[in-house]
Asks: 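Mind having a look at this structure? Questions to follow.
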Amino acid sequence: MKKVDTKQWLVLFSLVLLALIAGIKIMQNIEQEKDIFNYSKIETIENILNEGEEIKDRDTYYTLQQIIKKYINSYLVEEDPLNKNTDTVNYLEYYNVLAHRYKKYLGKNGYKERAEKFLEKFHIYVVAEIETINEMDDRVNIESIHKFYNEPSYICKIRSQEDSNNIGYIGITLDESHSCFYIFYLE
Amino acid sequence: MNSFDDLVEMFKEKKGLSILLIVIYFIIIIVIVAYIWYPKNIEYPYSKYEIVDMKTANNIAVQSYVNTLSLIFKFDGVNNIKNKISESYIEYANCTKEDVINRLKNAGAFDIDAKISALNSYFYEDDVIYEVQLKSTKGEIKLNLIEDYPQSYKIALDNFYKAKKSNVVKSQYDISFSIKTTKHTLNTIEYEMSITNLKNEYVSIGFGVADLIGIKLSDGKMYFLTQTAEAASYLDIDKKTTINKTLVFEIPLPIQEKIISIEFIDIKIDGTQKDISVEI
């Protein structure tokens with residue numbers, strides 16, 4: 001009988017390892033395909049909202065409103081590379097607060113583009129003779145909240161009070177055990 | 001010898017190195033699986049949030065409405081306010097939107113010096129009612145903001161709100177109770193109650209006596225009466241007579257939905273003391 005030498009054993013072990021990695025990846029992709037938040041396949045958020053449950057809970061409304069208000073105001077916070085460990089940071093730092101899958105999907109540049117598109121809807125910039133107005137419209141008026149999954153994940157539809165044609169969508173997951181939130185969608 | 005025996009021989013010869021390679025191999029597998037599978041979400045200070053409780057939510061809403069109304073009344077007030085007038089109020093007050101606008105104008109609501117302050121807020125069924133006062137040099141007027149959802153509200157004048165349908169219970173002792181919930185606040189609930197003695201002799205109910213009238217919750221807990229509109233110890237109700245009482249119980253708003261009944265304890269009927277439970 002032909003002997004299996006050391007090199008062949010090493011090749012066999014490597015193939016097993018690669019097969020394991022491939023298997024895990026395939027299972028993850030199958031799971032992702034089933035998820036309504038398969039980001040690459042979302043055409044319009046309005047279709048997704050119908051998959052969720054609209055809620056009218058006031059406590060949730062005001063909790064989400066405070067989070068969104070803080071995020072909107074982060075657009076005009078100065079970038080400070082030395083001071084990233086505070087409550088008030090520039091909107092670019094919120095890349096770290098993206099949900100894991102969303103972060104992988106967007107990447108840093110993708111997030112910057114999405115965030116700017118979303119936050120510009122609430123940016124008031126008027127150059128006048130006497131003074132220039134450069135501020136954020138943080139009078140967050142959440143028109144509707146849709147809940148997804150068993151964990152508390154919400155998509156909020158927000159309309160700018162300054163210009164009612166500006167509508168934005170932000171998806172927020174509340175990790176109640178750690179009192180942390182993650183952003184899983186921006187439009 | 002087969003290849004498995006060769007492998008065993010190889011391990012025997014290079015025992016330490018072989019074990020080390022196997023251990024490293026499995027560590028690599030575990031690290032790769034962990035890296036692929038588990039999301040990495042680290043907590044940052046700016047990712048923290050606080051749950052807004054009902055009291056804080058109420059404060060946020062009040063401030064927001066006071067600011068919003070101040071702007072609406074001062075700038076382009078009439079049309080904006082007209083669109084927000086409650087249809088239920090118009091029907092209830094048997095008036096028109098123009099009448100409402102005129103009352104507001106007469107009170108100086110649209111004047112530049114008009115000041116708005118919040119007075120009180122409470123739940124009525126699924127809505128939240130905010131009582132707001134508008135004062136100017138011409139006069140003052142009370143408004144009710146009837147909010148069905150945050151930032152979605154209608155306006156009524158005075159202290160308009162719909163009363164709940166009354167409950168009528170006739171006990172086995174021929175005493176009839178009619179109870180209507182009239183007001184919820186963050187810490188109290190108020191009832192208007194009519195008690196009719198259908199018997200041929202008087203009955204005594206201890207309205208001003210501690211621990212004789214209480215609210216029962218679904219978990220069995222009791223909250224006893226803290227105040228009535230009039231002070232009394234035992235109130236005698238003559239035969240075939242009806243009395244009306246306003247009862248206020250100090251119960252926090254989140255607990256009010258657990259209320260199942262009002263309990264009257266040790267009512268003196270026929271010379272004996274009886275307990276009566278009125279379901280709500």
Side-chain angles (χ1 to χ4, degrees), chain A residues 1-6 8-10 13-14 16-17 20-21 24-25 27-28 56 58-67 70-71 74 84-90 93-94 96-101 103-104 139-145 159 161 172-176 178-183, chain B residues 1-7 9-11 13-14 17-18 21-22 24-26 28-61 63-64 67-68 71 123 126-128 147-152 253-254:
Chain A
M1 191 182 281
K2 201 176 176 184
K3 288 180 186 177
V4 180
D5 65 16
T6 314
Q8 285 169 322
W9 278 114
L10 281 171
F13 282 142
S14 304
V16 166
L17 185 60
L20 191 64
I21 293 168
I24 292 169
K25 274 290 189 191
M27 278 166 63
Q28 276 194 326
K56 300 264 184 191
R58 280 181 175 83
D59 294 351
T60 307
Y61 178 98
Y62 286 111
T63 299
L64 292 170
Q65 190 197 50
Q66 296 307 296
I67 293 171
K70 195 167 79 165
Y71 181 61
S74 73
K84 295 186 181 185
N85 223 18
T86 64
D87 192 42
T88 311
V89 293
N90 180 261
E93 294 302 321
Y94 279 85
N96 298 318
V97 173
L98 294 185
H100 181 70
R101 277 196 7 235
K103 195 193 276 189
K104 276 177 71 176
R139 295 167 291 170
V140 176
N141 180 10
I142 306 176
E143 270 195 5
S144 67
I145 301 173
R159 191 182 293 270
Q161 304 239 47
I172 295 172
T173 296
L174 300 179
D175 179 351
E176 289 171 350
H178 297 100
S179 298
C180 284
F181 69 90
Y182 303 105
I183 297 172
Chain B
M1 254 199 296
N2 63 24
S3 57
F4 182 73
D5 290 332
D6 289 340
L7 190 63
E9 277 303 314
M10 182 190 81
F11 283 155
E13 283 170 27
K14 300 176 187 176
L17 182 62
S18 306
L21 283 174
I22 290 169
I24 289 171
Y25 179 77
F26 279 107
I28 291 170
I29 290 180
I30 290 165
V31 166
I32 289 170
V33 167
Y35 180 77
I36 293 171
W37 202 265
Y38 289 105
K40 292 174 287 296
N41 283 321
I42 305 167
E43 292 171 26
Y44 294 87
Y46 44 91
S47 70
K48 292 283 189 186
Y49 75 93
E50 280 177 19
I51 293 176
V52 174
D53 61 21
M54 220 171 303
K55 195 170 178 182
T56 310
N58 187 67
N59 291 340
I60 294 170
Q63 197 52 53
S64 169
N67 291 342
T68 304
L71 290 172
F123 274 90
D126 292 330
D127 296 338
V128 178
E147 179 202 87
D148 61 336
Y149 185 72
Q151 304 300 323
S152 168
L253 187 59

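Small disclaimer: the values here were computed from a predicted structure and weren't measured. Numbered from 1 within each chain, the chains take letters A, B, ... in sequence-line order.
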Asks: What distance do Gln161(A) atom CD and Thr68(B) atom OG1 have between them, rounded to the nearest 0.5 Å?
Replies: 6.5 Å
Asks: Under 4.5 Å from any heavy atom of chain A, what part of Tyr149(B) do you find: side chain, backbone, both or neither?
Replies: both
Asks: Non-hydrogen atoms of chain B under 4.5 Å away: do they reach the side chain of Tyr61(A), the backbone, both or neither?
Replies: side chain
Asks: Heavy-atom pairs under 4.5 Å with chain A: which of Ser64(B), Ser152(B), Ala61(B) has the most?
Replies: Ala61(B)
Asks: With only heavy atoms counted, which part of Glu50(B) is less than 4.5 Å from chain A, the side chain, the backbone, both or neither?
Replies: backbone
Asks: Check whether Lys56(A) reaches the backbone of Pro150(B) with its side chain - one donor and one acceptor, N or O, closer than 3.5 Å.
Replies: no
Asks: Mind checking the CZ-OH spacing from Phe181(A) to Tyr44(B)? Nearest 0.5 Å is all I need.
Replies: 12.5 Å
Asks: Write down the atom of Arg58(A), the atom of Glu147(B), and the distance for their closest heavy-atom approach.
Replies: NE-OE1, 2.6 Å
Asks: Against chain A, label Asp148(B) side chain, backbone, both or neither, depending on which of its atoms sit under 4.5 Å from a heavy atom there.
Replies: backbone
Asks: Using a 4.5 Å cut-off on heavy atoms from C-beta on, say whether the side chain of Thr63(A) contacts that of Tyr49(B).
Replies: yes
Asks: Considering only heavy atoms, which portion of Ile145(A) lies under 4.5 Å from any heavy atom of chain B: side chain, backbone, both, or neither?
Replies: both
Asks: I need the minimum non-hydrogen distance between Pro45(B) and Lys70(A), along with the two atoms involved.
Replies: O-NZ, 4.4 Å
Asks: Any side-chain heavy atom of Gln65(A) sitting closer than 4.5 Å to one from Val52(B)?
Replies: no
